[in-house]
Amino acid sequence: MNGRRRFFQDAAILGAGLFGLRETLRAGTPESAFQIPRENERGRVQSPYGGKGPHSASDNASAHKRALLMTTPDVADLPHEMDGSVKVFHLVGEPVKRKIAPFKTIDAWGYNGSCPGPTIQVQQGDRVRVVFENRLPESTSLHWHGLEIPIEQDGVPYISQKPVAPGEKYVYEFTVHQEGTFFYHAHSAMQEMMGQIGFFVAHPEKDYKPRVDHDYGLILQEWAVLPSNTIPNTAAMEFNWLTFNGVSAPMSTPLLARLGSRVRLRILNLGMDHHPVHLHGHQFVVTGTEGGRAPESTWYPMNTVLVGVAQARVVEFEAKYPGAWMIHCHLPHHMMNSMMDLLRDRQIQTADQTDVKALSQMESLARSVPFEHVHHAPIGQDAEKVPGFPQDAFMEMGMDEAVEKPETYGLPKNWSAGMMGMMTMVRVLPEKEYDAILARKNQPGAPMEHHHES
Ligand SMILES: [Cu+2]
């Protein structure tokens with residue numbers, strides 16, 4: 001708990017100094033082909049099927065009957081070009097500055113300015129070429145996790161290829177005969193923990209049955225970043241930042257689903273822990289793994305799926321009940337931000353146990369980052385006299401406005417206060433509300449009204 005409390009203070013300090021610090025770092029970085037972190041690119045790029053402009057699964061679902069593309073919230077798709085019948089992708093391994101919370105930016109490694117890397121989507125049967133360029137300060141390679149491809153394409157340094165040196169390019173090419181949820185990653189343990197992973201989804205030649213209306217992908221990652229630091233400790237065994245697609249809640253973009261629709265979630269884990277991912281209010285079935293589609297005879301109802309390291313779990317459910325339903329890793333420590341701040345640059349202080357002190361801490365955080373002012377939930381009289389207090393008191397960090405986006409439109413006031421760590425929500429919305437959000441998404445730059453409907 002002490003660590004938790006210090007978090008407020010650390011975050012306040014970090015928040016105040018963040019921009020200044022970033023400028024300093026930039027000024028001191030020599031211009032070179034690598035080591036120039038790019039801001040994580042937000043939003044979708046281009047449909048791998050050649051569609052133009054921003055794309056979302058929901059647009060896709062209503063637009064046509066073709067294979068539904070997966071949407072990776074907070075991560076872009078990787079566009080491709082055609083060389084004859086070969087789909088050609090360009091992937092660049094490089095350092096990336098990733099804003100994982102409104103007040104925390106880390107120095108991760110990723111691909112094409114994104115961590116996790118952009119999502120590659122292909123069709124079963126496609127011939128795929130990936131032109132890879134290494135802009136990291138050390139050698140690396142790309143492994144195609146779960147794909148049955150020739151050994152020369154397996155991406156293991158020295159075994160199947162020579163390491164790709166900094167500044168070098170390497171071309172991978174193979175035919176994808178499988179369908180399912182695969183991924184690419186550096187085949188180097190520490191680089192994996194720096195964030196070098198991305199989705200590789202192969203859509204089936206024949207549509208899965210039943211069809212889904214929404215298809216979402218989530219990559220689970222964990223980070224050990226000391227307070228006042230930006231560089232993950234890849235040798236750590238304890239983690240204080242937990243992310244879906246490179247962001248901690250409440251920064252994670254809610255997943256939207258029309259009431260009555262069928263939803264697919266593909267959950268992929270590449271870290272040091274296994275994550276039991278739980279969905280509120282709905283039962284789902286596991287329809288696939290990292291090995292592809294599972295036969296329907298193996299499906300049975302559940303609402304928590306354990307996603308082990310190097311595994312993918314694909315679940316599907318009918319979005320029957322309207323509401324903002326949490327989906328999160330259920331490990332208690334993975335539902336928090338900046339856990340275990342046991343070491344820091346500041347002197348260790350006793351946890352504040354009074355209303356006045358706790359509120360002043362929350363206020364200093366609110367002032368340093370542009371959060372709205374927020375009161376904590378009520379505490380008992382003389383609470384500090386109870387051994388163990390505080391536990392969850394004073395943890396709320398309402399920051400609705402700092403994380404506002406079309407997908408958060410209409411959520412109850414202070415919704416963000418309870419959202420932390422490896423967490424997001426599935427918003428099951430009646431037609432009218434769903435369309436209202438879609439309209440906001442399709443009008444980037446349109447002013448957001450500050451009102452809350454429920
Ligand atoms: Cu977890």
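Ligands are counted one by one from 1 in listed order, and the atoms in each one are counted from 1 as well. A quick note: this is a predicted structure, and the numbers were derived from the prediction, not measured. Index from 1, following the sequence.
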Enumerate donor-acceptor pairs with a distance under 3.5 Å from any side-chain N or O in residues 297-307 to protein atoms, sequence neighbours excluded.
residue : atom : partner : partner atom : Å
Thr298  : OG1  : Pro295  : O            : 2.7
Trp299  : NE1  : Ala294  : O            : 3.2
Trp299  : NE1  : Pro295  : O            : 3.3
Asn303  : OD1  : His278  : ND1          : 3.4
Asn303  : ND2  : Gln283  : OE1          : 2.9
Thr304  : OG1  : His278  : ND1          : 3.0

For the pair Trp325 and His282, name the ring-plane relationship: parallel under 30°, tilted 30 to 60°, perpendicular over 60°. perpendicular
Interatomic distance, CZ@Phe183 vs OG1@Thr181, rounded to 0.5 Å, equals 10.0 Å
For Val122 and Val176, which heavy atoms make the closest approach, and how far apart are they? CG2-CG2, 4.2 Å
Pairing residues for Tyr208 by the ring-ring contact (aromatic ring centres under 6.0 Å, His included) criterion, not counting sequence neighbours: none
Enumerate donor-acceptor pairs with a distance under 3.5 Å from any side-chain N or O in residues 419-428 to protein atoms, sequence neighbours excluded.
residue : atom : partner : partner atom : Å
Thr424  : OG1  : Thr253  : O            : 3.4
Arg427  : NH1  : Glu407  : O            : 2.7
Arg427  : NH1  : Tyr409  : O            : 2.8
Arg427  : NH2  : Tyr409  : O            : 2.9

List-wise, which protein N, O or S atoms are found short of 2.8 Å from the Cu ion (ligand 1)? His275 ND1, Cys329 SG, His334 ND1
